[in-house]
Amino acid sequence: MSDDPNDRQKEFGFATRAIHAGARPEPITGARNTPIYQTTSYVFEDTDHAADLFNLSRFGFIYSRLTNPTVSVLEERVAALEDGRAAVAAASGHAAQFLTFFTLLEPGDEFLASRNLYGGSITQFGLSFKRLGWTCHFVDPKDPENFRKALTPRCKGIFIETLANPGGIVVDVEKVAAIAKDAQIPLIVDNTMASPYLHNPIEWGADIVIHSTTKYLSGHGTSMGGVVVESGKFDWFKAGKFPTMTEPDPAYHGLTFYETFGDFGFTTKARAVALRDFGPAMAPMNAFFTITGIETLPLRMERHVANARAVAAFLEGHPNVAWVSYAGLASSPYHDLAKKYLPKGPGGVFTFGVKGGFEAGRKVVEAVELFSYLANIGDTRSLILHPASTTHRQLSDEQRLSAGAGPDVIRLSIGLETVEDLIEDLDRALLRSNR
Ligand SMILES: *Cc1c(COP(=O)(O)O)cnc(C)c1O
C-alpha cells in the first residue's frame with residue numbers, strides 16, 4: 001500500500017476525502033496546508049519541456065489561465081467527492097456552465113434543460129446561449145418522460161438540477177439518466193443545491209456534474225467559483241455526434257481529445273480550448289477559500305439540514321404561512337424522491353408562501369433582523385430573498401410561476417446559527433407582515 005493518501009482515495013470515507021483529496025504537503029517547505037500559489041506563470045526547464053507542455057504531451061504548469069497548483073488541488077478534491085474522473089474549475093458557476101456547453105455544442109445544436117433551475121441559468125440558456133446559435137428547450141421535469149418527448153435530432157445534452165433552486169423540487173435523476181443514455185447524449189447535473197455530501201449524480205447515471213462553488217462548497221459567502229466534473233464513462237465515439245471530442249482539433253496540431261485523453265478528455269478539452277480561449281479562470285485565492293470550506297462540508301451540511309428541517313416544520317404550523325415547499329416535510333410531493341436521492345436530507349434551501357401575496361412577502365424580507373436579505377445561498381449565515389423581485393425578475397410571469405418563483409414566494413437559505421434564534425426572527429417578521 002502506498003504512503004500517499006491520494007493513491008488510496010477510493011478507500012476513504014467522504015469526510016476524509018473532503019480534507020485530504022488532491023492535497024500533499026508542499027515539497028520544499030513542508031507547508032501542510034495548500035499554499036496560495038499567487039503566480040501567473042511557471043519557469044520552463046528547457047525548450048523541450050516548454051514544447052511538451054504547449055503540445056499537451058506532458059502535464060505541468062504554464063500559465064494560470066489554464067492551470068494553477070492551488071486550483072488543481074480544488075479540482076482533484078471536487079472530482080474525488082463526486083466520484084468523478086477529473087474536473088476543471090472556473091471563475092463562477094455560470095462560467096462552468098459556459099465551458100461545458102462550449103465543449104459540447106456547435107452552432108445550430110440544441111439541448112434540453114429542466115424548467116426548474118436557478119433563475120440565472122434560465123436566462124443564460126434561453127437568451128445568451130441563443131445568440132451563440134445554441135437552442136435550449138425547457139422541459140417540465142415532474143414527469144421524466146417529458147424529456148424523451150422533447151428530444152430532437154440535434155439535442156446534444158440534458159441539463160437538470162436534481163434538487164432544484166429555488167427549492168423543494170426533486171427530479172427523478174435515475175430516470176432522466178436512462179433517457180439520456182438511450183439518446184446517447186450526456187446528462188449534466190448542476191449539483192450546487194445538494195452539494196456532493198447529500199447527493200452524487202454520477203452514482204445515478206450523470207455524465208457531467210457542475211457546481212457553483214460560490215455556494216455550499218466555499219460555504220462562507222466569501223468566494224465566487226465553479227467546477228465541471230466528468231464521470232469518465234461517456235463514450236463519445238459510440239455516440240457519434242460530438243465532433244468536438246472525436247475529430248482532430250486544429251488548435252492542437254490535429255490532436256483528438258477523446259482518443260488522446262480518454263476518460264478525462266472532456267475536462268481536458270474544456271480547459272485546453274474553452275478556458276484557454278475565453279479565460280474565465282478561478283483565482284488561486286478563491287480556490288484556497290473553497291478548499292478550506294470543503295474541509296468542513298460534511299459538518300456544515302448536517303447542520304444546514306437539521307436547521308432547515310426545524311424551520312420548515314415551524315413555518316408549516318404558522319398561521320400567516322400559506323404553504324411550505326421543502327422536500328424534507330412529509331407533506332411534500334417530493335418526499336419519496338428526496339429519501340431516495342438525498343437520504344441525508346434535502347439541503348438547506350426552500351421556499352414558502354406568505355399569506356397576503358406580494359405585499360406581505362415584501363414586508364417579511366424587510367422585517368427580518370437576523371436573516372440577511374440578499375441574493376445568495378449556502379452561506380453560514382441565514383439568508384432570505386423574494387425571488388420574484390430579484391433572482392427571477394428577468395423572467396416572464398409564466399416562467400416565474402413554472403420555476404416556482406411566484407409573487408408570494410419567499411426563499412430561505414438556512415444557515416448554521418442557533419435554530420431557536422432563526423425561528424424567533426421569522427416569527428416576528430411574519431406577525432408584522434400581517435399588520
Ligand atoms: C448560484 C447558482 C448558479 C450560478 O453560479 P455563480 O457562481 O453565481 O455563477 C448556478 N446554479 C445554481 C443552482 C446556483 O445556485
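Counting starts at 1 for both ligands and their atoms, following the listed order. Keep in mind that what you see is a predicted model, and the values were worked out from it rather than measured.
- Defined by atom type and a distance below 3.5 Å, a donor-acceptor pair is present between the side-chain atoms of Tyr42 and Ser64.
- Less than 4.0 angstrom separates some heavy atom of Glu161 from each of these atoms of ligand 1: 13 (C).
- Defined by atom type and a distance below 3.5 Å, a donor-acceptor pair is missing between the side-chain atoms of Tyr326 and Glu316.
- Atom numbering of ligand 1 starts at 1 in the shown order; those under 4.0 Å from a heavy atom of Ser92 are 7 (O), 9 (O).
- Among residues at least two apart or in separate chains, ring pair (Phe, Tyr, Trp, His ring centres under 6.0 Å) pairs with a member in residues 356-380 are Phe358-His386.
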- request: Begin with the C-alpha distance, continue with both residues' side-chain angles, and end with the deciding distance and a verdict on side chain to side chain donor-acceptor pair (under 3.5 Å) for Asp427 and His318.
  value: CA-CA 8 Å; Asp427 190 27; His318 198 284; 2.8 Å; yes

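- What you find for Glu82 and Asn200 is that their closest heavy atoms are OE1-ND2, 3.0 Å.
- Those atoms of ligand 1 that come under 4.0 Å of a heavy atom in Gly93, given as number and element, are 5 (O), 6 (P), 7 (O), 9 (O).
- Here the shortest heavy-atom distance to atom 4 (C) of ligand 1, taken over Gln97, Met193, His211, His94, belongs to His94.
- At the top of the distance list for atom 8 (O) of ligand 1, counting protein heavy atoms only, stands Met224 CE, 3.8 Å.
- Here is the list of ligand 1 atoms found below 4.0 Å of a heavy atom in Ile377: 15 (O).
- Contact annotation: Gly225 has at least one heavy atom less than 4.0 Å from an atom of ligand 1.
- Contact check on Asp336 versus Lys339 returns no salt bridge, with no Lys/Arg side-chain nitrogen under 4.0 Å from an Asp/Glu carboxylate oxygen.
- Taking every heavy atom of Thr214 and a limit of under 4.0 angstrom, the matching atoms of ligand 1 come to 7 (O).
- Of the possible polar contacts, one joining the Ser413 side chain to the Gly378 backbone as a donor-acceptor pair under 3.5 Å is found.
- In this structure, the protein non-hydrogen atom closest to atom 11 (N) of ligand 1 is Asp190 OD2, 2.6 Å.
- With a heavy-atom cut-off of 4.0 Å, Thr213 does not touch ligand 1 at all.
- Looking only at heavy atoms of the protein, atom 14 (C) of ligand 1 is closest to Lys215 NZ, 2.9 Å.
- Partners of Phe288 under the ring-ring contact (aromatic ring centres under 6.0 Å, His included) rule, at least two apart in sequence or in another chain, do not exist in this structure.
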